[in-house]
Amino acid sequence: MSRTDVAAEECVSLGADGGVIEVYANREVNLGLLPVSRALPIRDRRMVGPWCFLDRFGPLSFTQQKPMDVAPHPHTGLQTVTWLLEGEVVHDDSLGCEAIARPGGVNVMTAGRGIAHAEQTPSDHTGKLNGIQLWVAMPDSSRNAEPSFESREHVPQVELPGGLVKVFAGALVGETAPTTHYSPLCAAEILIHAGQDCEIGLDPTFEHALLSLDGDSHFQGQPLEPRKLYYLGTHRSSATFRSLHGARLLIIGGPPFPERILMWWNFLARTPEEIAQFKDDWEREQRFGPVKAYSGPRLAAPELIRFARPNPLS
Ligand code: MN
């Protein structure tokens with residue numbers, strides 16, 4: 001199978017010089033019944049450090065329905081990071097791990113060589129859902145590691161003049177999140193107090209991006225609009241945010257990822273042959289194992305060749 005036979009997205013972190021602000025509109029997609037605003041990957045396939053996927057869901061309130069119900073599906077070569085602002089999500093995986101994500105805590109699933117999981121709104125819930133899920137590309141040296149799952153109820157919080165930073169992945173503002181990652185990175189929620197400026201220190205070797213989560217915030221005189229990803233490039237040693245009425249922001253970052261990755265469906269790989277193998281393994285119930293805690297059918301992989309080549313005889 002040649003490289004062009006697989007409609008995978010080839011992703012590479014391009015990096016950029018300091019001072020840039022590039023703005024990318026999110027794409028609206030549906031995860032079953034749940035509308036999601038997808039901030040990564042973006043049109044020109046840029047990653048932000050090792051971060052290669054970012055979904056924003058909610059805020060929404062519900063009474064009867066179960067807005068999140070993602071049936072068992074596989075992952076390879078990545079970590080999922082789930083961070084909630086409101087509500088709850090229950091995770092079940094093929095290792096037999098079950099954990100409820102709640103605001104203030106973080107769930108990290110390391111797919112490594114392969115894992116399957118399901119994510120749902122639990123039966124006992126607050127009727128709210130508001131949060132994000134990110135994927136981290138694992139470097140080639142660790143992407144075939146055994147799968148694992150970590151759930152933490154609390155992450156480090158740092159009070160700064162004008163704001164509060166909750167570090168839920170990697171290291172930022174002198175604090176390190178309590179979960180395992182395989183290359184340098186950072187992810188944090190930044191709360192900016194009303195009428196205040198908040199300055200945070202950044203690693204200038206990282207590239208960074210911002211996503212407004214709620215409220216009004218400004219960066220370098222520019223309002224940060226919802227459903228847009230603001231890519232900041234590298235070579236920044238600090239960033240100052242301002243809010244009139246109070247705001248919450250997401251910041252993610254890491255060194256420009258030095259490897260090219262292939263992303264197809266829920267798999268991260270390096271070659272089309274690997275992707276075909278992972279799809280085959282999922283269909284033959286190899287590699288990933290069942291998610292026993294979920295009742296109902298699992299997700300089927302899409303067709304591998306989405307763009308058929310023209311038949312030269314027709
Ligand atoms: Mn998943």
Side-chain angles (χ1 to χ4, degrees), residues 8-9 11 27 29-41 47 50-58 66-84 87-102 105-122 129-138 143 145-151 168-169 179-182 187 252 261-269 274-275 278-279 281-283 285-302:
E9 290 192 77
C11 303
R27 286 182 290 143
V29 299
N30 287 309
L31 270 185
L33 291 174
L34 182 66
V36 166
S37 185
R38 185 156 294 162
L40 280 176
M47 301 165 70
W51 301 100
C52 59
F53 181 93
L54 168 53
D55 265 0
R56 169 90 172 97
F57 44 88
K66 189 162 98 172
M68 183 172 284
D69 187 359
V70 185
H73 59 278
H75 287 288
T76 58
L78 58 84
Q79 296 181 287
T80 65
V81 178
T82 304
W83 176 254
L84 295 181
E88 338 27 53
V89 171
V90 60
H91 157 103
D92 286 286
D93 65 38
S94 51
L95 304 176
C97 298
E98 180 170 85
I100 297 185
R102 290 194 170 87
V106 68
N107 279 1
V108 176
M109 182 182 78
T110 299
R113 65 179 301 278
I115 196 169
H117 73 150
E119 293 165 294
Q120 310 168 71
T121 299
L129 184 61
N130 186 8
I132 56 175
Q133 187 173 87
L134 300 125
W135 296 358
V136 184
M138 296 173 72
R143 69 188 180 100
E146 290 302 310
S148 60
F149 179 76
E150 294 168 275
S151 180
F168 65 83
T179 43
T180 308
H181 293 285
Y182 295 86
I252 56 174
I261 61 172
L262 277 183
M263 185 188 298
W264 181 83
W265 193 38
N266 296 300
F267 302 137
L268 253 63
E274 282 181 332
I275 286 174
F278 297 154
K279 174 178 156 55
D281 288 346
W282 176 243
E283 288 171 347
E285 305 196 16
Q286 309 278 313
R287 182 184 294 266
F288 301 101
V291 182
K292 292 177 180 161
Y294 186 91
S295 54
R298 58 193 205 144
L299 295 183

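Start at 1 and go down the list; that is how both ligands and their atoms are numbered. Starting from 1, each residue takes its place in the sequence as its number.
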Protein-derived N, O or S atoms sitting under 2.8 Å away from the Mn ion (ligand 1) total 3

Note, [X] side chain near [Y] side chain (heavy atom, < 4.5 Å):
X: Glu274; Y: Phe267; result: no
X: Leu268; Y: Phe53; result: no
X: Thr80; Y: Gln133; result: yes
X: Lys292; Y: Asp93; result: no

Mind checking side chain to side chain contact (heavy atoms under 4.5 Å, CB included) for Ser151 and listing every partner two or more places apart, or none if nothing turns up?
Ala99, Asn107, Phe149

Would you find a donor on one side and an acceptor on the other, under 3.5 Å apart, between the side chain of Arg298 and the backbone of Val291?
no

